[in-house]
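All heavy atoms count here, side chains included; hydrogens, waters and symmetry mates do not. Just so it is clear: chains get the letters A, B, ... in the order the sequence lines come, proteins before strands, and each one is counted from 1. Everything numeric here is computed off the predicted structure, so don't read it as measured data.
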Amino acid sequence: NAGVMQNPRHLVRRRGQEARLRCSPMKGHSHVYWYRQLPEEGLKFMVYLQKENIIDESGMPKERFSAEFPKEGPSILRIQQVVRGDSAAYFCASSQRTGTNTGELFFGEGSRLTVL
Amino acid sequence: DAKTTQPPSMDCAEGRAANLPCNHSTISGNEYVYWYRQIHSQGPQYIIHGLKNNETNEMASLIITEDRKSSTLILPHATLRDTAVYYCLPLAGYSSASKIIFGSGTRLSIRP
């Protein structure tokens with residue numbers, strides 16, 4: 001059973017370009033969370049999605065950022081018109097949220113975005 | 001989500017037990033206590049969780065106070081590979097569809 005897969009692992013973009021980060025949850029998991037981590041800082045919640053629904057996007061900047069988790073395919077975190085401050089590691093986690101293991105999040109290895 | 005308080009940093013000698021405390025005084029009855037860790041640059045890793053009783057697995061032990069307002073994660077024989085940031089967080093039951101917030105955690109350094 002493959003773990004949470006994120007790609008690309010490293011992405012370099014110039015200011016103004018778009019960044020698309022993909023996350024394939026573990027098999028059978030229908031809940032996905034995205035977190036951003038700036039260097040030497042903690043994990044900051046961005047968005048929580050279930051299949052085809054955004055449950056909570058309170059941690060996501062209002063502009064330029066969007067996320068989706070379609071019925072088929074991976075979850076996508078999209079950053080339009082990137083700026084240098086978007087440079088960070090973006091982690092995706094998935095969960096089954098059934099039974100007693102509600103909070104057992106399984107994390108991917110992250111996508112590291114560098115904006116030049 | 002309940003708020004947690006953890007010391008920002010701790011250190012421990014290799015081979016000794018590392019005891020990491022967490023205060024979660026506002027935890028509600030349906031929330032479990034979860035512990036994760038993040039080794040430098042890697043994705044966070046699940047360690048252990050519990051509701052009321054103490055728990056043990058191959059990685060660690062979890063001691064939860066009777067009033068559930070605090071807990072301690074114990075790494076019985078710390079190694080250099082245990083150097084990481086450790087996060088404690090209370091999480092609600094499966095019926096609650098809520099975001100999961102990580103606090104600042106404890107940066108544990110294991111010295112040789």
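Put simply, the side chain of B:Tyr36 gets close to the backbone of A:Leu105: a donor and an acceptor are under 3.5 Å apart.
Atom CD of A:Gln80 has more than 12 heavy atoms from other residues, nucleotides or ligands within 6.0 Å. Remark: A:Arg15 CZ is loosely packed, at most 12 non-hydrogen atoms of other residues, nucleotides or ligands lying under 6.0 Å away.
Atom CZ of residue A:Phe107 and atom CD of residue B:Gln42 lie 13.0 Å apart, to the nearest 0.5 angstrom. Atom-to-atom distance recorded for B:Ile101:CD1 and A:Ser58:OG is 6.5 Å, nearest 0.5 angstrom. Considering CZ of A:Arg112 and OG of B:Ser41, their distance stands at 5.5 Å, rounded to 0.5 Å. Distance check: A:Tyr33 OH to B:Ile100 CD1 gives 3.5 Å after rounding to the nearest 0.5 Å.
With hydrophobic clusters built from ILVMFWY side chains whose heavy atoms lie under 4.5 angstrom apart, A:Phe45 does not share a cluster with A:Leu77. Cluster membership check: B:Val33 shares its hydrophobic cluster with B:Leu108, using side-chain heavy-atom separations under 4.5 Å among Ile, Leu, Val, Met, Phe, Trp and Tyr. One hydrophobic cluster, built from ILVMFWY side chains closer than 4.5 Å, holds both A:Leu113 and A:Val47. A:Tyr90 is connected to A:Val115 through a chain of hydrophobic side-chain contacts under 4.5 Å among Ile, Leu, Val, Met, Phe, Trp and Tyr, so both are in one cluster. Both B:Leu75 and B:Met10 are assigned to one and the same hydrophobic cluster, defined by single-linkage of ILVMFWY side chains at heavy-atom distances under 4.5 Å.
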field: CA sep, side-chain torsions, deciding dist, call: B:Gln45, A:Phe106, side chain to side chain contact (heavy atoms under 4.5 Å, CB included)
entry: CA-CA 7 Å; B:Gln45 174 190 26; A:Phe106 293 82; over 6 Å; no
query: Is there a side chain to side chain contact (heavy atoms under 4.5 Å, CB included) between A:Ile55 and B:Lys99 once you walk through the steps?
result: CA-CA 8 Å; A:Ile55 306 302; B:Lys99 60 189 178 186; over 6 Å; no
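Scanning all heavy atoms of the two residues, the minimum distance from B:Tyr87 to A:Gly42 falls at OH-CA, 4.0 Å.
Contacts between A:Gln37 and chain B at a heavy-atom distance below 4.5 Å involve the side chain alone, from C-beta outward.
A centroid separation of less than 6.0 Å is found between the aromatic rings of B:Phe102 and A:Tyr35.
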